[in-house]
Amino acid sequence: MQFKHPELLYALFLLLIPIIVHLFQLRKFQKEAFTNVAFLKEVTLQTRKSSQIKKWLTLLTRLGIIAAIVLAFAQPYFSNNKTFNTKNETVIYLDNSFSMQAKGENGELLKRAVQDIIGNIPEDENFTLVTNDDVFRNTTITAIQNDLLNIKYAGNQLSYDAALIKSKKYFSNNESTIKNLVFISDFQQKKEGFKAGKDSSVQVNLVHLKPVNTNNILVDSVYISKRTANNLEVTVNLKNNGTAIENLPVSLFNNGNLTTKTSVDITDKSATASAIFTLPVNEVINGMIAIEDSNLQFDNQLYFNINKPSKVNILTINEADDSFLKRIYTEDEFNYTAYNSNQLNYSTFATQNLIVLNELKSVSNSLSTALKSFINNGGYIAIIPSENIDIQSYNNILSNLNFNVFKTLSKMEKRLTTINYSHPLFSEGVFEKRVTNFQYPKVNSYYPQTLSKASAILQFEDGKPFLSQNGNAFVFTSALNTTNSNFRSINLIVPTFYNIGKRSLKFSDLYYTIGNQNTYDVAAILQQDAVLTLENNTDKIIPQQQFYNTKTTITTSDTPTRAATYNIKNNDVIIENISYNYNRSESNLTYQDVSNIDNVYISNSISELFNTIKNDSKVNELWKWFVIFALLLLIIEMLILKYFK
C-alpha cells in the first residue's frame with residue numbers, strides 16, 4: 001500500500017490523546033453509605049468490571065476512527081507503479097513489411113493489427129507510432145486513424161536492432177516516466193534475430209502475430225540463359241515454400257500486354273522450378289513475369305527490361321601489334337579506335353570509355369597528366385608494358401594511379417597459376433566452375449610488383465601480380481606479344497579484355513533490388529544544370545547521379561520505393577528503361593521463437609497486451625474505504641455507549 005500524501009501520517013500521533021485520557025482519568029469515584037455492605041461490595045465489583053470493558057471498547061473504536069480518518073486524508077492506494085500519478089509514455093512499433101500480408105485467423109496480419117490498435121487505445125491518449133518507413137509522433141488515434149487504415153506495406157524492412165533503436169529514440173529523457181515499447185510483428189526469421197537487451201528504463205512488450213498458413217510461391221529470379229543470332233532465352237526461376245502444386249500458370253507481359261504464357265509443376269516443399277521464354281534479339285523489352293498465388297502478393301510479379309545496348313568507345317595507343325584487341329572489340333558492341341603513340345590527339349580522350357596503352361616504351365608527362373584527368377572523369381585505362389620501357393616514366397604514372405612501382409625487369413620464365421574467380425571480371429558467366437586442369441600461360445619476362453595498394457586478378461606462381469586493378473585502372477606486369485608470352489593464345493584473354501571494356505561503361509542489369517546499393521551508367525551527355533529522372537505513370541524521382549564526359553553514373557538504394565519499370569529521362573527524352581523489384585527475403589515464411597527472449601513481456605494479441613498495460617498502470621484508491629470504516633466505527637461506538645450495560 002502506498003500513500004499520495006504520506007506526510008499526513010504524522011497525524012497518527014493524535015492517537016495518544018484518547019490513550020492518555022483513558023489512563024489518567026479526571027473523573028473520581030464518590031463514596032455513598034448503604035446499609036447492606038456485603039451486597040453492595042459485590043455490586044460495586046461487577047459494576048467496575050463492566051465499566052472497564054466498556055471503556056476499553058470505546059477507546060479502541062475511537063482510536064480506529066481517528067486512524068481511519070488520518071489514513072483517508074493521506075489517500076492510500078494500491079498500484080504496480082512505484083509512484084502515484086506517474087506519467088506513461090507509449091511507443092508502438094508496427095511492422096508493415098511484406099511478410100505481414102500473410103493471413104491470420106481474422107485476415108491479413110497487418111490489417112488486423114491496425115484494427116486492434118484503433119480499438120484498444122483511448123481516443124485521448126497520446127502515443128508515438130513507428131513503422132518501417134514512417135513515424136507519427138505524439139499523436140492520438142483520432143488524429144491518425146485514416147493514416148492507419150490506409151497504411152501501405154514497405155519494401156525496406158528494418159532489422160530488429162534498427163527498429164528497436166528507432167523506436168526508443170522517441171521516448172523522452174524524463175527518468176520518472178513509465179516507458180512502454182509495444183513491438184508488433186510476425187518476427188520472421190532473419191540472420192540476426194530479435195534481442196531486447198538490458199534496459200531498465202524501457203519495458204519492451206512483444207506482440208507475436210502468427211499466420212495460419214505458411215505456404216507461398218514466388219518469382220525468385222530472371223536471367224538470360226542463352227543468346228542466338230535471332231533470339232534470347234529468358235529463364236524464370238520459381239520457388240515453393242509450401243505444399244506441392246501442379247500446373248502453376250506463369251505469364252510474361254511486355255509493355256503491359258500479355259506476350260506468352262506457360263505452366264510449371266513444383267512437386268516438393270522448398271523446391272524450385274524454371275520456365276523458359278523466347279524473345280527476339282535486339283528488341284526493347286519492358287517485361288513483367290507474373291504468377292497467381294493467394295498468399296503473399298508482393299513476390300507474384302517480377303519486372304525486368306532489356307534495352308538496346310549502347311556501344312562502348314575504346315581507344316588504343318599502340319607501339320605493338322593490336323590485332324588481338326581488334327578481334328575482341330568488335331564493331332557490333334564497341335567503337336574501336338587505334339592511334340600510334342606519335343599520332344596522339346588528346347581532345348579525343350573526352351569521348352572514350354576505355355584507353356589501352358599497348359606496349360609503349362615510355363609514358364610522357366603530358367600523356368600521364370591527360371590519363372589522370374581521364375580517370376577522374378570516370379574513364380578506364382589498361383596498361384600493357386613493353387619488354388624495354390623507361391621504367392621511371394612508368395613508375396610516375398603508376399604512382400599517380402596509386403599502384404606500387406615496377407622493379408627492374410626479371411628475365412625469368414613464370415607461369416600464371418592463380419585466377420581470382422571472385423573478381424567481377426570473372427565472377428559472372430566466365431567460369432561454370434573453378435578450373436583445376438588449367439593450361440597455364442607463361443611469360444619470359446615481367447616487372448616484379450607488390451600488391452599493397454591494388455587487388456590481384458591474375459597472379460604468377462610466386463604470388464606476384466600479372467594483372468591487378470586499382471579503381472578504374474588495370475595494369476599488366478608483362479608484355480603480351482607472342483615473343484614474350486603465350487597469353488594471347490589462351491582463351492582467358494577474351495573474357496579479360498572484353499569485361500574490362502564492358503566495365504568501362506556499366507550497363508544496367510535486367511533488374512535491380514530496392515534497398516540494395518545499385519550503380520549503373522547511362523550513356524548520356526547532359527547540358528549544364530540538367531538532371532536525369534526516373535519516371536513512370538505514378539512516380540517521378542531524381543536519383544543520386546554523377547556526371548562525366550561520356551556518361552552519367554546513377555546510384556540508388558532505398559529509392560524508388562515502388563517495384564516497377566521506370567523510364568530514364570533527360571528532360572522529356574527517354575534514354576532507356578530500368579526495372580526495380582522488392583527484396584525476396586521476406587517470401588520465406590519461417591519465424592523466430594520469441595518465447596526464450598529475455599527482458600521482454602510476450603503476448604499473442606494486441607488486446608491482451610493493452611489490457612495488461614492498463615492493469616499495471618491502474619491505481620486502486622482506498623481512501624473511500626477508510627472513510628466508510630471510520631463511519632462504521634462511529635456507529636459501533638454509539639451502540640456501545642447506548643446499549644452496553
Side-chain angles (χ1 to χ4, degrees), residues 81-83 86-100 109-110 113-114 116-118 120-122 124-148 150-188 190-209 514-517 557-559 561 583 585-586 592 594 597-603 606 609-610 612-614 616-617:
N81 300 328
K82 296 181 179 179
T83 308
T86 302
K87 182 180 178 182
N88 292 316
E89 295 184 48
T90 302
V91 174
I92 301 173
Y93 168 75
L94 178 59
D95 183 3
N96 62 329
S97 59
F98 284 118
S99 64
M100 294 283 283
L109 296 181
L110 179 62
V114 168
D116 288 344
I117 290 173
I118 294 173
N120 285 277
I121 298 181
D124 58 346
E125 181 176 330
N126 283 350
F127 66 97
T128 295
L129 179 72
V130 179
T131 67
N132 290 309
D133 55 352
D134 208 348
V135 175
F136 303 92
R137 189 171 185 178
N138 292 329
T139 186
T140 63
I141 283 294
T142 304
I144 66 166
Q145 183 169 345
N146 290 335
D147 294 310
L148 274 174
N150 295 312
I151 195 169
K152 303 296 183 184
Y153 293 97
N156 54 332
Q157 184 186 23
L158 298 174
S159 66
Y160 292 131
D161 285 343
L164 272 174
I165 293 171
K166 180 180 179 180
S167 300
K168 286 183 178 181
K169 76 177 184 179
Y170 293 105
F171 287 112
S172 71
N173 295 324
N174 188 348
E175 296 181 358
S176 65
T177 60
I178 299 170
K179 300 176 174 65
N180 279 299
L181 171 57
V182 180
F183 202 100
I184 304 171
S185 176
D186 58 356
F187 294 96
Q188 189 179 31
K190 299 181 183 179
K191 185 177 181 181
E192 295 182 357
F194 183 92
K195 295 179 182 178
K198 293 184 178 180
D199 187 352
S200 59
S201 64
V202 177
Q203 173 62 51
V204 179
N205 306 279
L206 307 186
V207 180
H208 188 191
L209 304 180
I514 296 171
N516 293 349
Q517 188 77 10
S557 178
D558 294 331
T559 55
T561 59
N583 194 311
S585 61
E586 294 186 58
Q592 179 182 353
V594 299
I597 298 177
D598 298 327
N599 307 311
V600 299
Y601 175 82
I602 302 172
S603 177
I606 295 173
L609 175 61
F610 277 100
T612 301
I613 293 175
K614 288 176 184 177
D616 287 344
S617 60

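Put simply, the side chain of Leu94 reaches to within 4.5 Å of the side chain of Ile151, judged on heavy atoms. Side-chain contact between Ile184 and Leu209 is present, with at least one heavy-atom pair separated by less than 4.5 Å. Using a 4.5 Å cut-off on side-chain heavy atoms (C-beta onward), Phe194 and Leu164 make contact. Counting only heavy atoms from C-beta outward, the side chains of Asn120 and Leu609 never approach each other to under 4.5 Å. With contacts defined as side-chain heavy-atom distances shorter than 4.5 Å, the pair Glu192/Tyr160 does not qualify. Phe127 has its side chain within reach of Ile141: a pair of non-hydrogen atoms, C-beta onward, lies under 4.5 Å apart.
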Report the C-alpha distance between Asn138 and Thr128 in whole Å, list the side-chain angles of each, state the deciding distance to 0.1 Å, and finish with yes or no for side-chain contact (heavy atoms from CB on, under 4.5 Å). CA-CA 5 Å; Asn138 292 329; Thr128 295; 3.8 Å; yes

So Val91 and Val130, side-chain contact (heavy atoms from CB on, under 4.5 Å) or not? Walk me through it. CA-CA 7 Å; Val91 174; Val130 179; 4.1 Å; yes

So Asn516 and Asn583, side-chain contact (heavy atoms from CB on, under 4.5 Å) or not? Walk me through it. CA-CA 9 Å; Asn516 293 349; Asn583 194 311; 4.2 Å; yes

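Ile597 CD1 to Phe187 CZ: the interatomic distance, rounded to the nearest 0.5 Å, is 6.5 Å. One distance of note links CG of Leu110 with CG of Leu148; it measures 9.5 Å at 0.5 Å rounding. The CG atom of Asn205 sits 9.0 Å away from atom CZ of Phe610, with the distance rounded to the nearest 0.5 Å. To the nearest 0.5 Å, atoms CD (Gln145) and CD1 (Ile121) are separated by 11.5 Å. With values rounded to the nearest 0.5 angstrom, Leu129 atom CG is found 6.0 Å from Ile117 atom CD1. Within the model, atoms CZ of Phe183 and OH of Tyr93 stand 5.0 Å from one another, a figure rounded to the nearest 0.5 Å.
No donor-acceptor distance shorter than 3.5 angstrom exists from the side chain of Thr177 to the backbone of Lys179, with no hydrogens or angles considered. At least one donor-acceptor pair closer than 3.5 Å links the side chain of His208 to the backbone N or O of Asp186. With Asn132 contributing its side chain and Leu158 its backbone, the two residues share a donor-acceptor pair below 3.5 Å. Side-chain atoms of Asn180 do not come within 3.5 Å of backbone N or O of Ile178 as any donor-acceptor pair.
For Ser97, the side-chain hydrogen bond (donor to acceptor under 3.5 Å, both in side chains) partners two or more places apart in sequence, or in a different chain, are Asp95, Ser99, Gln157, Glu586. Residues satisfying the side-chain hydrogen bond (donor to acceptor under 3.5 Å, both in side chains) criterion with Ser172, sequence neighbours excluded, are Glu89. Annotation: side-chain hydrogen bond (donor to acceptor under 3.5 Å, both in side chains) contacts of Tyr170 (sequence neighbours excluded): none. In this structure Thr140 satisfies the side chain to side chain contact (heavy atoms under 4.5 Å, CB included) test together with Asn126, Thr142, Ala143, sequence neighbours excluded. Residues passing the side-chain hydrogen bond (donor to acceptor under 3.5 Å, both in side chains) test with Asp133 are Asn96, Thr131, sequence neighbours excluded.
Crowding of Lys195 atom NZ: a count of heavy atoms from other residues, nucleotides or ligands under 6.0 Å not exceeding 12. Residue Glu175 qualifies as open at atom CD: its count of foreign heavy atoms under 6.0 Å is 12 or below.
Here the closest non-hydrogen pair linking Phe136 and Thr139 is O-CG2, 3.7 Å. The minimum heavy-atom distance between Ile514 and Asp558, with the atom names listed, is CG2-O, 4.2 Å.
Sorted by first and then second residue, the pairs that involve residues 154-172 and meet salt bridge (Lys or Arg N to Asp or Glu O under 4.0 Å), not counting sequence neighbours, are Lys168-Asp199.
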